[in-house]
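Each ligand, and each atom within it, is numbered from 1 in the order the structure gives.
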Amino acid sequence: MCGIIGVTGNKRSVSILINGLKRLEYRGYDSAGIYVNDMNGHDYLIKRKGRISNLEAAINDNVNGMSGIGHTRWATHGEPNEVNAHPQYSADERFYLVHNGVIENFKQLKQEYLQDVHFKSQTDTEVVVQLVDRFVTKYQMDTKTALLKVLRLINPDSSYAFAMMDREQADTIYVAKNKSPLLIGLADGYNMVGSDAMSMIDETNKFMEIDDHELVIVKPDHVSIESFDSNEKHRKPFTVDMDASATDKGPYPFYMLKEIDEQSSVMRKLVQHYLPDGDPVIDDDLLAAMMKADHLYIIGAGTSYHAGLAGQRIFEALTGIHTSVHISSEFAYEHPLLSEHPFFIFLSQSGETADSREVLVQVNKHKWPSLTITNVDKSTLSREADYTLLIDAGPEIAVASTKAYTAQIAVEAILAKALGQKKEISAAEKFPLKSELSNIANGIQAITDGKDKIAAIAAHYLAKPRNAFYIGRGVDWSVALEAALKLKEISYVQSEGFASGELKHGTIALIENHTPVIGIITQDRTAGLTRSNLEETQSRGAAILTIVSRHLSMDDDTIIIPDVNELLTPLISIVPAQLLAYYTSLGKGLDVDKPRNLAKSVTVQ
Ligand code: M6R
């Protein structure tokens, strides 16, 4: 997490930095800061607790610079306050550093080299910048040599993206990374560094990758790259087609509502992209690699993990290949006995999740084949996997993931059909995916058109309780997990997704008068059982609600959703739950898009 931006050259830096930080605010928003230098002997450091708007308000017209670095923080070491905000700087106020990641051995470095230094902050970052200063001032190293020495001293398990400035070389930004994302942006007469392409897209669409363990020196008219062992590197820039206006909120009060509404058009876009004539258009090399697999391992975190659970049964039904789904932070350190010919599918909206990347690093070490399904082209997970499929959802800004979940499941279904057809599996050949997805697009639209009713249900049932449960069986259980995550992360109602049959084995003890229990019912085989489980909770005082497929509905059901193929019901049953979460958060007056303690892109393990 944390967002980094930097610029040096022939443009005024303050507005570029602030604009970049606003685009990066999704990565963390507990404090922010900038350091700018006018390359004429004047420099400015401004930091504020809270949102970028607080920082912006603190910058007056006198603050001017042609180079600078900025940061928006998601705290790891030290509480969110002005002192711990970045840039961190050396005691003599010569070096300024912004950092995203965690320096694992910062305490040892402090102990070994900096016992006599007075530290202002509680951050691991300050140790790095003080250490650079120590090597420059005490051992007369030049800045680059000192930084390289520090980079070599940092424990390799650490994660970092750094941008550093030396006030004595005001036109230069020193950049390095390991595990955390960072890109160079190339413009006319000025160059940039940023945590993602979107943070620089208003200035340029030309970018250059940085690999782990590289030091990059960014000057107004030149960018040089070398490895930590001082080998010069040459790299071609690439361009990114990105519509910056796609990040506008338009008439919506919050991005989350816009993104929920966009799900129907994302479905239509996916149909056009991948299923123009009904048969999936998928890279032959990817399918050939997957044909050799005896087991598909789906890896993801949070909502992406939940999208994997929904995809699992689609892969098994349409390809006949055993498929399992794993939480990346667990799989990286303890995984089951693997099959002989594994194939790994990474699901990640951002393509930057550190836990998932850790698994990919290990997969690559073993040379196992891999695919990333992501929303962000050229993201780390996309670059480092063998293959990429894009989910075409457009930028997702709200921290609570909505359209990425449904788009990931749709792309899983498209891939499963393509692979199943190649294997001549009749279930895949017969599966009318194009018409189903078009039908689903209409169904989502019908649900979002009826959002007022869902707002009223949220106000009635979810505004007051501290706890709530979503329950279901089979794939409805996997949707219950996602529905509960949505509700808890933005409304702070303690909510759990539960296998409905499992409640009576202990958890039912938590049911009190008026505890909302929301049943998801879309599967013929299990509908009656889930209804019985709901009644068991009602007998103990629960307020029961239902999200039910039309053909299974009864008179007193709460929300009735259109019928779709049983394999694809998560694409539609999640939508009312997203809206329930949204309106509960809105009703409580919370910042729906930026819930407390969270960040959109989780780039620390
Ligand atoms: O970018 P990713 O899909 O890899 O992110 C994984 C999770 O951090 C993410 O899905 C998170 O759970 C959502 N913000 C929840 O809404």
Trainee: For ligand 1, which atoms sit closer than 4.0 Å to a heavy atom of K486?
Mentor: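 Counting from 1, the qualifying ligand atoms are 15 (C), 16 (O).
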Trainee: What about S401: any of its N or O atoms under 3.5 Å from an N or O on ligand 1?
Mentor: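 So ligand 1 has an N or O lying under 3.5 Å from an N or O of S401.
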Trainee: Which atoms of ligand 1 have any heavy atom of S348 under 4.0 Å away?
Mentor: 1 (O), 2 (P), 3 (O), 4 (O)
Trainee: Do the ring planes of F106 and H77 sit parallel (below 30°), tilted (30 to 60°) or perpendicular (above 60°)?
Mentor: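 Aromatic pair F106/H77 classed perpendicular.
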Trainee: Give the residue and atom name of whichever protein heavy atom lies nearest to atom 1 (O) of ligand 1, and the separation in Å to one decimal.
Mentor: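 The answer is S350 OG, 2.6 Å.
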Trainee: Heavy-atom count around K464 NZ within 6.0 Å, excluding the residue itself: above 12?
Mentor: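 Atom NZ in K464 is not crowded, with 12 or fewer foreign heavy atoms closer than 6.0 Å.
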Trainee: Within the 4.5 Å heavy-atom criterion, are H326 and P336 side-chain neighbours or not?
Mentor: yes
Trainee: Quick test: of every protein heavy atom, which one is nearest to atom 8 (O) of ligand 1, and how far off is it to 0.1 Å?
Mentor: V602 CG2, 3.8 Å
Trainee: Output every pair passing side-chain hydrogen bond (donor to acceptor under 3.5 Å, both in side chains) with a member in residues 581-594, not counting sequence neighbours, ordered by first then second residue.
Mentor: R51-D591
Trainee: Sequence neighbours excluded, which residues qualify as side-chain hydrogen bond (donor to acceptor under 3.5 Å, both in side chains) partners of K49?
Mentor: none
Trainee: Counting only heavy atoms, tell me which of G302, A301, S356 gets closest to atom 6 (C) of ligand 1.
Mentor: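 Residue with the shortest heavy-atom distance to the ligand atom: A301.
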Trainee: Between ligand 1 and V399, is the shortest N or O to N or O distance under 3.5 Å?
Mentor: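 N/O-N/O distance under 3.5 Å: yes.
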Trainee: Please list the nearest protein heavy atom to atom 16 (O) of ligand 1 with its residue and the distance rounded to 0.1 Å.
Mentor: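 Ranked first by proximity to atom 16 (O) of ligand 1 is E489 OE2, 2.4 Å.
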Trainee: To check you understand the geometry: which heavy-atom pair defines the closest contact between P342 and Y297, and what is its length?
Mentor: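 So the minimum-distance heavy-atom pair works out to CB-CE1, 3.5 Å.
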Trainee: Can H306 be said to touch ligand 1, with heavy atoms closer than 4.0 Å?
Mentor: no
Trainee: Donor-acceptor pair, distance only, cut-off 3.5 Å: does the side chain of T546 make one with the backbone of T558?
Mentor: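 Judged by distance alone, yes, a pair lies under 3.5 Å.
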Trainee: Would a 4.5 Å heavy-atom cut-off, applied to side chains only, mark I4 and L182 as touching?
Mentor: yes
Trainee: Which of the numbered atoms in ligand 1 are below 4.0 angstrom from a heavy atom of S304?
Mentor: 2 (P), 3 (O), 10 (O)
Trainee: Give me the residue, atom name and distance of the protein heavy atom closest to atom 9 (C) of ligand 1.
Mentor: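 Checked against all protein heavy atoms, atom 9 (C) of ligand 1 sits closest to T303 N, 4.0 Å.
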Trainee: Please list, in number order, the atoms of ligand 1 under 4.0 Å from a heavy atom of A400.
Mentor: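 Per the distance check, 16 (O).
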Trainee: What residue and atom, counting heavy atoms only, is the protein's closest point to atom 5 (O) of ligand 1, and at what distance?
Mentor: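 Sorting protein heavy atoms by distance from atom 5 (O) of ligand 1 puts T353 OG1, 3.4 Å first.
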Trainee: Out of E396, Q408, K403, Q349, which one pairs with N375 under the side chain to side chain donor-acceptor pair (under 3.5 Å) rule?
Mentor: Q349
